[in-house]
Amino acid sequence: MPAAITITLEASERIRAYPARLHGALCKMLEDPDGDHRRQHKPFAAGPLQVNEDGARWRVGWLGQGAPARLPESIRFGDVTCAVRGVQLESLGYAELAQAKPARHAQFETLSPLYFSRDGRDHPLPDPSSIVRSLAQRWNAHAPAEFTIPDDVFRALSGRVILHEMDGRTIRTPVSVTMKQIGFSGTFRIGLTRTADQATTTLFAALMQYATMSGIGAQTTYGFGAVELTEIAP
């Protein structure tokens, strides 16, 4: 079931945790070795690696129906191997999310830059329609059949979601030693119009909470689009 996994690591060496290295470490840790590595929607997402003098903390999201694989005793980022000191898992199943208390407003803070990729172009802004579309696609890729989002219910949500406010800027983040990606960093608040019915407000609440595990936008398995839900309200 969906879960937020917080991993505490020993970090005696300087870690250069480029998104490509986060992706590699996460795939090795959670990807099914017999699965399709090229699949569009993987059942996990990466947050940024936070390093301080006491070690490192890495929050990742698991989206599969079953429990995630047992985590290894150490994780390798490029040429640095870090021992795992502790793991905290907070689960929130699809059935529980599908019965979320209806909501009309949600406030987010980005933990890593987010962007969307459409028709070969990047869009580094918290566009509300793109946000709910990316979340619904990821939800339907991993949720049990009885909890998939019907097209008509999604259209009702997509047609009523709006951006209330945003405060932030675009930044360039190194993807590797030679490549950078532009993304939005800051806070944003999205909500629903007054015409949204209960089914729409319930789905909105479910997807907003799901975002904290799935990430938002493109390249979430590389550490982009990690967010914190700071407020959800009716």
Side-chain angles (χ1 to χ4, degrees), residues 1-8 26-27 29-36 39-47 57-72 84 86-112 114 131-158 161 190-192 196-217 220-221 223-234:
M1 65 176 62
I5 307 170
T6 303
I7 306 169
T8 305
L26 190 57
C27 286
M29 185 170 65
L30 293 177
E31 192 167 44
D32 182 353
D34 298 322
D36 183 5
R39 65 188 295 187
Q40 182 178 4
H41 297 296
K42 297 182 185 296
F44 45 77
R57 182 173 174 269
W58 193 24
R59 177 168 168 158
V60 303
W62 171 253
L63 309 178
Q65 297 180 29
R70 183 178 178 181
L71 298 184
V84 175
V87 176
Q88 181 181 353
L89 188 142
E90 300 175 42
S91 301
L92 193 60
Y94 284 102
E96 187 176 355
L97 285 166
Q99 299 175 17
K101 182 179 179 180
R104 290 179 175 271
H105 307 279
Q107 176 92 15
F108 288 96
E109 179 180 355
T110 63
L111 303 178
S112 60
L114 71 83
I131 289 171
V132 296
R133 183 182 300 108
S134 72
L135 292 171
Q137 288 174 344
R138 210 155 290 158
W139 174 291
N140 280 350
H142 303 297
E146 62 266 32
F147 297 118
T148 55
I149 302 169
D151 289 344
D152 60 332
V153 177
F154 171 72
R155 285 195 297 269
L157 171 62
S158 181
V161 66
I190 62 176
L192 299 172
D197 59 17
Q198 183 169 343
T200 303
T201 56
T202 300
L203 176 58
F204 177 80
L207 291 181
M208 297 304 100
Q209 295 176 70
Y210 190 64
T212 63
M213 296 171 284
S214 71
I216 293 175
T220 54
T221 61
F224 286 94
V227 296
E228 180 179 355
L229 179 62
T230 57
E231 181 187 356
I232 187 165

Look at the side chain of R155 and the backbone N and O of P150, then say whether any donor-acceptor pair between them is shorter than 3.5 Å. no
I131 side, atom CD1; S158 side, atom OG - distance, nearest 0.5 Å: 11.5 Å
Could you walk me through whether M29 and V84 satisfy the side-chain contact (heavy atoms from CB on, under 4.5 Å) test, starting with their C-alpha distance in whole Å, then the side-chain angles of each, then the deciding distance to 0.1 Å, before giving a yes or no? CA-CA 12 Å; M29 185 170 65; V84 175; over 6 Å; no
Side chains of L135 and S214: does their closest heavy-atom pair fall under 4.5 Å? yes
Test item: T202 side-chain N/O and A199 main-chain N/O as donor-acceptor pair under 3.5 Å: no
Has W58 got a side-chain atom pairing as donor or acceptor with G47's backbone, closer than 3.5 angstrom? yes
Pair L63, Y94 - check side-chain contact (heavy atoms from CB on, under 4.5 Å), show working. CA-CA 9 Å; L63 309 178; Y94 284 102; 4.0 Å; yes
Are the side chain of H142 and the backbone N or O of K42 linked by a donor-acceptor pair below 3.5 Å? yes
Report the residues that fulfil ring-ring contact (aromatic ring centres under 6.0 Å, His included) with F44, sequence neighbours left out, ordered by chain and then residue number. none
What verdict does the side-chain contact (heavy atoms from CB on, under 4.5 Å) test give for V161 and T200, after you've listed the backbone C-alpha separation in whole Å, the side-chain angles of each residue and the deciding distance to 0.1 Å? CA-CA 10 Å; V161 66; T200 303; over 6 Å; no
Do L30 and P43 come close enough that some side-chain heavy atom pair is under 4.5 Å? no
Separation between OG1 (T220) and CZ (R138), nearest 0.5 Å, reads 3.5 Å
Using the side-chain contact (heavy atoms from CB on, under 4.5 Å) rule, take L157 and I149 through it: C-alpha gap first, then chi angles, then the decisive distance, then the call. CA-CA 11 Å; L157 171 62; I149 302 169; over 6 Å; no
Residues, nucleotides or ligands: over 12 heavy atoms within 6.0 Å of E146 CD: yes
Side-chain contact test, heavy atoms from C-beta onward, threshold under 4.5 Å: evaluate it for L97 versus F147 and give yes or no. no
Pairs under 3.5 angstrom only: tabulate donor-acceptor contacts from the side chains of residues 223-234 to other protein residues two or more places apart or in another chain.
residue	atom	partner	partner atom	Å
T230	OG1	Q107	O	3.1
E231	OE1	R189	NH1	3.1

